[in-house]
Asker: 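My questions all concern the structure below.
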Amino acid sequence: MITTYKSAAEEKLSRLVEAFTPILYEDDEQFLENMKGSNLAGDDIRKYRHWEWTQGVGLYGLWRLFEKTRDEKYLDILTTYFDNQMTVGFPALNVNTVTPFLTMSYVGEYLGSEKYLAPCRESAAWIMAHFPRTREGGFQHMTSDTLNDQELWDDTLFMTVLFLANMGRIEGKREYIEEAQYQFLLHAKYLADRETGLWYHGWTFNGRHNFAGAFWGRGNCWITIAIPEFLGMVDCAPAVRRMLTELLRAQVESLVKYQDESGMWHTVIDDRDSYVETSASCGFAYGILRGVHAGLLDKRYAEAAMKALDPILGYIADDGVVNQVSYGTPMGRESKDFYKKIPIQPMPYGQALAMLLLIELQ
């Protein structure tokens, strides 16, 4: 089936890349307006314009494309982006502003460039020494505009922990890798649902609950992606590897159960009245295929990933823009209906997650 779709996927991938750069540098006016009164660090807001998790996920998709093709034009896009940011300066570190450093660490390693590695090294050291912690030592999901006191979110594992682990590998710092392993296990302790294997969006130690108890789609897809990426990135203790593999298998088993008949997944996974959402569907399909190819998941799960491919290709417009993507989503604190009201618009992470899926098919 992969061969059947290969030609269409290659065409869509080409269009995705063409649309990527304009979206990467597109200002998020809503976010920037909010930052005028809610910038926790109080630094120059211009530093945040193009250096947030939304761009960070997109950059990772482009890095994987370069890694796959070795086409220098993709590396040029990345280095130009990093050089531009260096002229502006980096914003204060938090869960979301760490994300672009993951790709920078790979680029710095590939080029053997201290220019790119030095900021990564400083950021990783800061995370270890100063990152806000919850009880039990979790990485508190502090963002650019919200403290989120004593809160764990499933996004954090992809946005921050993968970078720390990668720097542990690059720098030979086992303590970074040990910390990353702990963060995965602690987040699983409070976010992985024992009954379904799906992950809650968040947990708060202030009140000790999972907020609205939502199995949010894109939040879950970060887990489907992060576990195979992490296990492929560093050598984990056998017990940790076994635990994370079983967590992934339990989640994917439920994802197959709740997959919409169209092949997509809903923005609230177990609520068929919520809209189907492209970025989460791309993330699930990619993570499942990545898990199958890495030997973490049984080959039978690839069928669910391929079932999603046709509708996903349909949501990639002729101009390469990925449609049916939900906007950045804060915590649904009281009602699952909150997630149904998140607006739909093109975002860099929508492009990136589609790119990751189509690259995995090559």
Side-chain angles (χ1 to χ4, degrees), residues 53-54 57 153-155 157-158 191-203 210-227 247-291 297 300-317 321-354 356-358:
W53 74 273
T54 51
V57 177
W153 293 23
D154 50 13
D155 319 36
L157 296 176
F158 185 97
L191 299 179
D193 178 54
R194 291 177 175 83
E195 183 176 348
T196 65
L198 299 174
W199 288 51
Y200 294 105
H201 189 178
W203 163 269
N210 293 110
F211 298 102
F215 299 133
W216 174 45
R218 192 165 58 243
N220 266 267
C221 97
W222 299 132
I223 303 304
T224 320
I225 296 171
I227 291 177
L247 285 163
L248 178 64
R249 290 171 180 168
Q251 186 206 37
V252 170
E253 188 173 338
S254 269
L255 289 176
V256 172
K257 174 183 174 182
Y258 288 111
Q259 188 173 19
D260 187 74
E261 60 184 17
S262 69
M264 301 281 282
W265 278 272
H266 294 265
T267 198
V268 179
I269 295 172
D270 59 343
D271 184 348
R272 295 188 181 276
D273 291 331
S274 66
Y275 57 78
V276 294
E277 202 274 331
T278 310
S279 68
S281 298
C282 289
F284 290 139
Y286 167 69
I288 290 170
L289 288 177
R290 184 98 159 115
L297 295 172
R300 62 189 171 89
Y301 289 119
E303 183 178 345
M306 297 308 300
K307 183 180 178 181
L309 184 59
D310 194 45
I312 287 170
L313 292 177
Y315 279 117
I316 303 173
V321 174
V322 180
N323 294 309
Q324 197 62 21
V325 174
S326 63
Y327 183 68
T329 306
M331 184 61 61
R333 296 182 179 276
E334 297 178 0
S335 172
K336 296 178 185 179
D337 286 341
F338 169 82
Y339 296 90
K340 301 179 185 180
K341 300 173 184 176
I342 299 297
I344 294 172
Q345 66 185 70
M347 296 297 291
Y349 51 81
Q351 303 296 120
L353 290 168
L356 287 171
L357 171 59
L358 299 188

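Just so it is clear, the values below take in all heavy atoms, side chains as well, and ignore hydrogens, waters and symmetry mates. Note that the numbering runs from 1 along the sequence shown for the chain.
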Asker: Measuring from atom CD1 of I288 to atom OG1 of T224, what distance do you get when rounded to the nearest 0.5 angstrom?
Answerer: 6.5 Å
Asker: What pairs meet the salt bridge (Lys or Arg N to Asp or Glu O under 4.0 Å) rule with one or both residues in residues 191-201, with sequence neighbours excluded?
Answerer: none
Asker: Indicate yes or no: at least one non-hydrogen side-chain atom of D260 is less than 4.5 angstrom from one of R272.
Answerer: yes
Asker: For N210 and G202, work out which heavy atoms get closest and say how close.
Answerer: ND2-O, 3.0 Å
Asker: Quick check: do L357 and L309 have side-chain heavy atoms less than 4.5 Å from each other?
Answerer: yes
Asker: Looking at residues at least two apart in the chain, or sitting in another chain, which of them share a side chain to side chain donor-acceptor pair (under 3.5 Å) with K257?
Answerer: none
Asker: Could you report the tightest heavy-atom contact between A305 and L289, atom names first, then the distance?
Answerer: CB-CG, 3.7 Å
Asker: Check salt bridge (charged side-chain N to carboxylate O under 4.0 Å, His left out) between R300 and all other residues, then give those that pass, not counting sequence neighbours.
Answerer: D298
Asker: Is it the case that the side chain of S326 and the backbone of Q324 share a donor-acceptor pair, with hydrogens and angles ignored and the cut-off at 3.5 Å?
Answerer: no
Asker: Who are the side chain to side chain donor-acceptor pair (under 3.5 Å) partners of S335, not counting sequence neighbours?
Answerer: none
Asker: Classify the angle between the aromatic ring planes of Y349 and W53 as parallel (below 30°), tilted (30 to 60°) or perpendicular (above 60°).
Answerer: parallel
Asker: How long is the gap from CD1 on I312 to NZ on K307, to the nearest 0.5 Å?
Answerer: 12.5 Å
Asker: Looking at CG of L191 and NE2 of H201, how far apart are the two atoms once the value is rounded to the nearest 0.5 Å?
Answerer: 9.5 Å
Asker: Taking the side chain as C-beta and beyond, is there a heavy-atom pair between E253 and Y301 under 4.5 Å?
Answerer: yes
Asker: Identify the heavy atoms of A280 and G217 that sit nearest to each other, and give their distance.
Answerer: CB-C, 3.6 Å
Asker: At what distance, to the nearest 0.5 angstrom, does CG of D155 lie from CG of N220?
Answerer: 10.5 Å
Asker: Of all residues at least two apart in sequence or in a different chain, which pass the salt bridge (charged side-chain N to carboxylate O under 4.0 Å, His left out) check with D270?
Answerer: none
Asker: Indicate yes or no: at least one non-hydrogen side-chain atom of T267 is less than 4.5 angstrom from one of I342.
Answerer: no
Asker: Can you check whether L198 reaches L255 side chain to side chain, under 4.5 Å on heavy atoms?
Answerer: yes
Asker: Do V322 and L353 touch side chain to side chain, with heavy atoms closer than 4.5 Å?
Answerer: no
Asker: For a quick test of reading the model, state the closest non-hydrogen atom pair linking L297 to R249 and the distance between them.
Answerer: CD2-CG, 3.7 Å
Asker: Listing request: all salt bridge (Lys or Arg N to Asp or Glu O under 4.0 Å) pairs with a residue in residues 338-349, at least two apart in sequence or in separate chains.
Answerer: D271-K340, D337-K340
Asker: Drop me the distance from F338's CZ to W216's CH2, to the nearest 0.5 angstrom.
Answerer: 9.5 Å
Asker: Taking only residues two or more places apart in sequence or in another chain, which ones pass side chain to side chain donor-acceptor pair (under 3.5 Å) with Q351?
Answerer: none
Asker: Does anything in residues 211-227 form a salt bridge (Lys or Arg N to Asp or Glu O under 4.0 Å)? List the pairs, not counting sequence neighbours.
Answerer: R218-E277
Asker: Answer yes or no: is there a side-chain heavy-atom contact under 4.5 Å between F158 and V57?
Answerer: yes
Asker: Under the ring-ring contact (aromatic ring centres under 6.0 Å, His included) rule, collect the residues that match up with W199, sequence neighbours excluded.
Answerer: none
Asker: The criterion is ring-ring contact (aromatic ring centres under 6.0 Å, His included); which residues satisfy it with Y286, sequence neighbours excluded?
Answerer: none
Asker: Strictly distance-based, threshold 3.5 Å: is any side-chain N or O of Q259 a donor or acceptor partner for the main-chain N or O of A304?
Answerer: yes
Asker: Scan residues 252-284 for pairs that pass ring pair (Phe, Tyr, Trp, His ring centres under 6.0 Å), counting only residues two or more places apart or in two chains.
Answerer: W265-F284
Asker: Tell me the closest heavy-atom pair linking A212 and E334, and the distance in Å.
Answerer: CB-C, 3.8 Å
Asker: Would you find a donor on one side and an acceptor on the other, under 3.5 Å apart, between the side chain of S279 and the backbone of V325?
Answerer: no
Asker: Restricting to side chain to side chain donor-acceptor pair (under 3.5 Å), what partner residues turn up for W203, sequence neighbours left out?
Answerer: none
Asker: Please report the shortest heavy-atom distance between A214 and Y339, naming the atom on each side.
Answerer: CB-CE1, 3.4 Å
Asker: Counting C-beta onward and ignoring hydrogens, is there a side-chain heavy-atom pair between L313 and L358 closer than 4.5 Å?
Answerer: yes
